[in-house]
There are 2 protein chains.
Amino acid sequence: MTDDRLTPRAREIAAVARELLEESGPAALTMRTLADRLGIKAPSLYKHFPDKQAVEVELTARMLAESAEALEAAEARAPGSLEAVAGAYRAYALAHPHLYCLATERPLPRAQLPAGLEDRAALPLLRACAGDLDLARAVWAFAHGMVILEIHGRFPGDADLGAAWKRGLKALHP
Amino acid sequence: MTDDRLTPRAREIAAVARELLEESGPAALTMRTLADRLGIKAPSLYKHFPDKQAVEVELTARMLAESAEALEAAEARAPGSLEAVAGAYRAYALAHPHLYCLATERPLPRAQLPAGLEDRAALPLLRACAGDLDLARAVWAFAHGMVILEIHGRFPGDADLGAAWKRGLKALHP
DNA sequence: CAGACATGGCTAACGTCGTTAGCCATGCCT
DNA sequence: AGGCATGGCTAACGACGTTAGCCATGTCTG
């Protein structure tokens, strides 16, 4: 049923990796410190994952699944509302900035991702756009851009990002 | 006049670093291979830059200046046209994907950037938005999102990104 | 003109990283 | 009882960023 792609021990390891990443950022996600937290030595990790990238892929999969859940929940709460879905997108990303960046700032490892996950993560936004693919992609780009620029401190410190979100969403979804 | 922040030798080094990055990606931008290309040894680089990050900051500054130039040129060609500025943004980023990512996917090192550069890079878009700050930020987020998602292969392979751009721009700038 | 000093190379080395090879204890299934 | 998978371990390798310390060159100055 649930995630037979990974052995139980591998799932534990991924959970600790996720803690490490979220608490201390990507530089702290090291095979050695990950092993330390688990009370084992670094080479033992390779009994459970072929390499570090595989651990990161698992974190990416978790981020996609969780954000999909968050968007679906927002959808259920306010069916058809783009504002609600976009708000959930922003809230999830800002609540897990390091995880969001790890999962987002590199090519999607489609081959090692569970089947259907990519689509599931994309669907709530597409539904909120009434099936308009081009619009959904534009909205996704807008939301991702807002979130990633905010996470990296790219906007001026005094920028009213709530206003920019509102402006963008109103324009994209009249 | 021109960039007295850097000695001539440091500028040469930065130029080679830029080649290396653009040709072979971020993993290839190593102090050792950078030195190799220059015919010197890695530690000698530290006579010109305090550390690797300083080299990256210089590349960031060049990317910002160049993209500002590109946007200003587009502006001059078609004054007041958001499509023109946005098209130039997209074209520049896609022509220099590794450089664009390096300059963009981390906090802005404002303290070590030439004064006024950040503003200069932002102004063409702001002007095309008739001074509307919230709108300009929304448009920037959209453009950055489109470009960065495309660079990382995040859209489905069959997605019509030209259509998504058109859709987004039309919505944001009626 | 001599000596001081800045400039810009060098070698050797350190600590950290991901990763591999190879060994060994435990426990289950035949 | 024996064989094998599971999951630990130590030792080590090569690449990385970086530091310390040495040395040649050339240029200004007293």
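Quick note on labels: first sequence line is chain A, next is B, and so on, each numbered from 1.
For the pair B:Leu34 CG and D:dG17 C1', the interatomic distance rounds to 13 Å; values are reported in whole Å. The distance between atom CZ of B:Phe49 and atom P of C:dG9, rounded to the nearest whole Å, is 12 Å. Spacing between atom CE of A:Met31 and atom P of C:dT19 amounts to 6 Å, rounded to whole angstrom units. Rounded to an integer number of Å, the gap from CD1 of A:Ile13 to P of D:dG7 is 9 Å. Protein atom OH of A:Tyr46 is 14 Å distant from nucleotide atom C1' of D:dA12, rounded to whole Å. One interatomic measurement links the two molecules: CG of A:Asp36 to P of C:dT16, which rounds to 12 Å at whole-angstrom precision.
The backbone N or O of A:Leu6 sits less than 3.5 Å from a side-chain atom of A:Arg11, completing a donor-acceptor pair. Checked by atom type and distance alone, the side chain of B:Arg90 never pairs as donor or acceptor with a backbone atom of B:His144 at under 3.5 Å.
No hydrogens or angles were tested; on distance alone, a donor-acceptor pair under 3.5 Å links the side chain of A:Lys47 to the base of D:dG8.
At the heavy-atom level, A:Leu29 lies under 4.0 Å from the strands shown only through sugar-phosphate atoms.
OP1 or OP2 of C:dC10 lies within a sub-4.0 Å distance of a side-chain N or O belonging to B:Ser44. A:His48 has no side-chain polar atom (N or O) that falls below the 4.0 Å cut-off from OP1 or OP2 of D:dT6. Phosphate contact (OP1/OP2 of D:dC16, side-chain N/O of B:Thr30, threshold under 4.0 Å): present. Close to D:dT18, at under 4.0 Å from its OP1 or OP2, lies no side-chain N or O of B:Arg32. Residue B:Lys41 has no polar side-chain atom (N or O) positioned under 4.0 Å from OP1 or OP2 of C:dC10.
Note on ring orientation: taking the six-membered ring where Trp is involved, the planes of B:Tyr100 and B:Tyr89 are perpendicular (angle over 60°, cut-offs 30° and 60°).
Partner A:Leu99 forms a side chain to side chain contact (heavy atoms under 4.5 Å, CB included) with one of A:Thr104, A:Leu21, A:Thr60 and no other, that one being A:Leu21.
Which of C:dG9, C:dT19, D:dG7 sits closest to the side chain of B:Ile40 comes down to C:dG9. When distances run from any side-chain atom of B:Pro43 to the nucleotides D:dA20, D:dG7, C:dG8, the shortest one goes to D:dA20.
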